[in-house]
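For clarity, every value in this text was computed on a predicted model and none was experimentally measured.
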Amino acid sequence: MANDYPLRPPPPLLDNACALFLDVDGTLIEFADDPEAVTLLPEVREAIGRISDRLDGAVALISGRPLAQLDRLFAPLHLPAAGLHGHQVRGMGGDTHAVDGRTATDSDTSEWLHAVHQQAMRFAHGHPGVLVEDKGRSLALHWRGAPHAANEVRAFAERHIGGNTGYRLQPGDHVVEFIPEGSDKGRAIRQLMQQQPFRGRIPVFLGDDLTDEYGFDAANTLHGWSVLVGEREPSAAVFALPRVRDVHRWLQENAD
């Protein structure tokens, strides 16, 4: 049985010089077979809102979900956020900036990704439990509902990334995603840290998955705090909280 207490110490409480960056799935909410089926506990939403008020708005969501999904999930909160693993970045002013692939044009990538999407749907039809999630500029293949298909899903993704230099594969917890090259959560955190109200603060990033390692590296480089949710190894995180409910408790303590 896994140890309930990770070797890393828990993070201290936030002070008013911090900026808080939060992953969503696996950090604030438990994973589900269908990513659209999740809900955020009202008390967690309220705690995040109170922390945002205390930090003068220096709280942002850093997620693989599109911004539109984040806004629906966190409404009525409308926070600064990075969606699609940093491909979409929205600062305090509400302006959204996209990071394009290094070489592929929008039309080229959309046609290529559309073709991959169609093939992925046919693949999923032959593998019950595999879920294809269309995120617009990215595409995710989930196998939480079909754990036996993990190797086949990964092999499908490896075959279809091919020589497309505008996209890369991002593995995660029971998922692999086709995401635009140059997009990652660390880059998003660094971009937000150049803007008010984040500039000059101590970045604190909470995340659980492989996708969050970019964010941990960014927080560490910027002399901030990196907080792993769970016990996954290896990880660049310095602090840890064992479970999602421990994150909720920590947020409540910081909101009081």
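- Listed by chain and number, the residues in a side chain to side chain contact (heavy atoms under 4.5 Å, CB included) with Pro147 amount to none (sequence neighbours excluded).
- At least one side-chain heavy atom of Glu152 sits under 4.5 Å from a side-chain heavy atom of His127.
- Annotation: side-chain hydrogen bond (donor to acceptor under 3.5 Å, both in side chains) contacts of Asn151 (sequence neighbours excluded): Arg154.
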Test Glu43 against Gln252 for side chain to side chain contact (heavy atoms under 4.5 Å, CB included), laying out the working first.
CA-CA 8 Å; Glu43 57 267 30; Gln252 292 287 355; 3.6 Å; yes

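- Taking a cutoff of 4.0 Å between a charged side-chain nitrogen and a carboxylate oxygen, Arg232 and Asp208 do not qualify as a salt bridge.
- Summarising the geometry of Glu213 relative to Pro234, their closest heavy-atom pair is OE2-O, 4.0 Å, with the distance given to 0.1 Å.
- Val238 places none of its side-chain heavy atoms less than 4.5 Å from the side chain of Arg8.
- Applying the ring pair (Phe, Tyr, Trp, His ring centres under 6.0 Å) criterion to Phe156, with sequence neighbours excluded, gives Phe123, His160.
- Put simply, the side chain of Asp209 gets close to the backbone of Asp173: a donor and an acceptor are under 3.5 Å apart.
- Taking CD from Glu30 and CG from Asp25, the interatomic distance works out to 10.5 Å, rounded to the nearest 0.5 Å.
- Arg187 has no carboxylate O lying under 4.0 Å from a charged side-chain N of Asp184, or vice versa, which leaves the two without a salt bridge.
- For Asp23, the side-chain hydrogen bond (donor to acceptor under 3.5 Å, both in side chains) test picks out Thr27, Lys185, with sequence neighbours left out.
- Residue pairs meeting the salt bridge (Lys or Arg N to Asp or Glu O under 4.0 Å) criterion with at least one member in residues 125-136, sequence neighbours excluded: Lys135-Glu177.
- Linking Ile, Leu, Val, Met, Phe, Trp and Tyr residues whenever their side-chain heavy atoms come within less than 4.5 Å places Val247 and Val204 in a single cluster.
- Residue pairs meeting the salt bridge (Lys or Arg N to Asp or Glu O under 4.0 Å) criterion with at least one member in residues 113-131, sequence neighbours excluded, do not occur.
- Annotation: side-chain hydrogen bond (donor to acceptor under 3.5 Å, both in side chains) contacts of Gln170 (sequence neighbours excluded): Arg168.
- Side-chain atoms of Val175 and Leu141, non-hydrogen and from C-beta on, never get closer than 4.5 Å to each other.
- Residues meeting the side chain to side chain contact (heavy atoms under 4.5 Å, CB included) test with Pro171, sequence neighbours left out: Leu210.
- Note that OG of Ser63 and CD1 of Ile29 are 8.0 Å apart. Values are rounded to the nearest 0.5 Å.
- A salt bridge links Arg90 with Asp71: the closest approach of a Lys/Arg side-chain nitrogen to an acidic carboxylate oxygen falls below 4.0 angstrom.
- Counting heavy atoms from C-beta outward, Trp112 and Phe178 have side chains that approach closer than 4.5 Å.
- Residues Leu70 and Ala82 share a closest heavy-atom pair of CD1-O, 4.2 Å.
- Between Pro203 and Phe21, the shortest heavy-atom contact is CB-CE1, 3.9 Å.
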One pair to check against side chain to side chain contact (heavy atoms under 4.5 Å, CB included): Leu20 and Leu14. What are the steps and the verdict?
CA-CA 8 Å; Leu20 181 60; Leu14 300 168; 4.1 Å; yes

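- Side-chain heavy atoms closer than 4.5 Å link hydrophobic residues (I, L, V, M, F, W, Y) into clusters, and following such links, even through other members, never connects Leu67 to Ile179.
- Between Gln69 and Arg65, the closest heavy-atom pair is OE1-NH1, 2.8 Å.
- Taking the side chain as every heavy atom from C-beta outward, Trp225 and Phe205 never approach each other to under 4.5 Å.
- Listed by chain and number, the residues in a ring pair (Phe, Tyr, Trp, His ring centres under 6.0 Å) with His248 amount to none (sequence neighbours excluded).
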For the pair Val227 and Trp250, evaluate side chain to side chain contact (heavy atoms under 4.5 Å, CB included) and give the outcome as yes or no after the intermediate values.
CA-CA 12 Å; Val227 185; Trp250 184 80; 5.9 Å; no

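- Looking only at side-chain heavy atoms (C-beta outward), Pro242 and Glu231 stay at 4.5 Å or farther from each other.
- Ala19 approaches Met193 most closely through the heavy-atom pair CB-SD, 4.4 Å.
- Listed by chain and number, the residues in a side chain to side chain contact (heavy atoms under 4.5 Å, CB included) with Arg199 are Gln196 (sequence neighbours excluded).
- Contact between Pro80 and Gly91 at its shortest, heavy atoms only, is CB-C, 4.1 Å.
- A distance-only check finds no donor-acceptor pair linking the side chain of Gln119 to the backbone of His114 [under 3.5 Å].
- The CE atom of Met121 sits 9.5 Å away from the CG atom of Leu139 when rounded to the nearest 0.5 Å.
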Report the C-alpha separation of Trp143 and Val176 in whole Å, then their side-chain angles, then the decisive distance to 0.1 Å, and conclude whether the side chain to side chain contact (heavy atoms under 4.5 Å, CB included) test is met.
CA-CA 9 Å; Trp143 65 82; Val176 62; 4.1 Å; yes

List the atom pairs, with distances to 0.1 Å, where a side-chain N or O of residues 51-62 and a protein N or O form a donor-acceptor pair under 3.5 Å, not counting sequence neighbours.
from: Arg54; atom 1: NE; to: Asn254; atom 2: O; distance (Å): 3.4
from: Arg54; atom 1: NH1; to: Asn16; atom 2: OD1; distance (Å): 2.9
from: Arg54; atom 1: NH2; to: Asn254; atom 2: O; distance (Å): 3.1

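- Partners of Tyr214 under the ring pair (Phe, Tyr, Trp, His ring centres under 6.0 Å) rule, at least two apart in sequence or in another chain, do not exist in this structure.
- Under the 3.5 Å distance criterion, the side-chain polar atoms of Asp212 are left unmatched by any main-chain donor or acceptor of Leu228.
- Although no hydrogens or angles enter the test, the distance criterion places no donor-acceptor pair under 3.5 Å between the side chain of Arg45 and the main chain of Leu41.
- You'll find the side chain of Phe239 stays beyond 4.5 Å of the side chain of Ser226, heavy atoms only.
- Cluster membership for Val38 and Leu84, using ILVMFWY side-chain heavy atoms within less than 4.5 angstrom, is not shared.
- Atoms OG1 and CG, from Thr39 and Leu73 in turn, are 8.0 Å apart once rounded to the nearest 0.5 Å.
- Between Ser138 and His85, every side-chain heavy-atom pair lies at or beyond the 4.5 Å cut-off.
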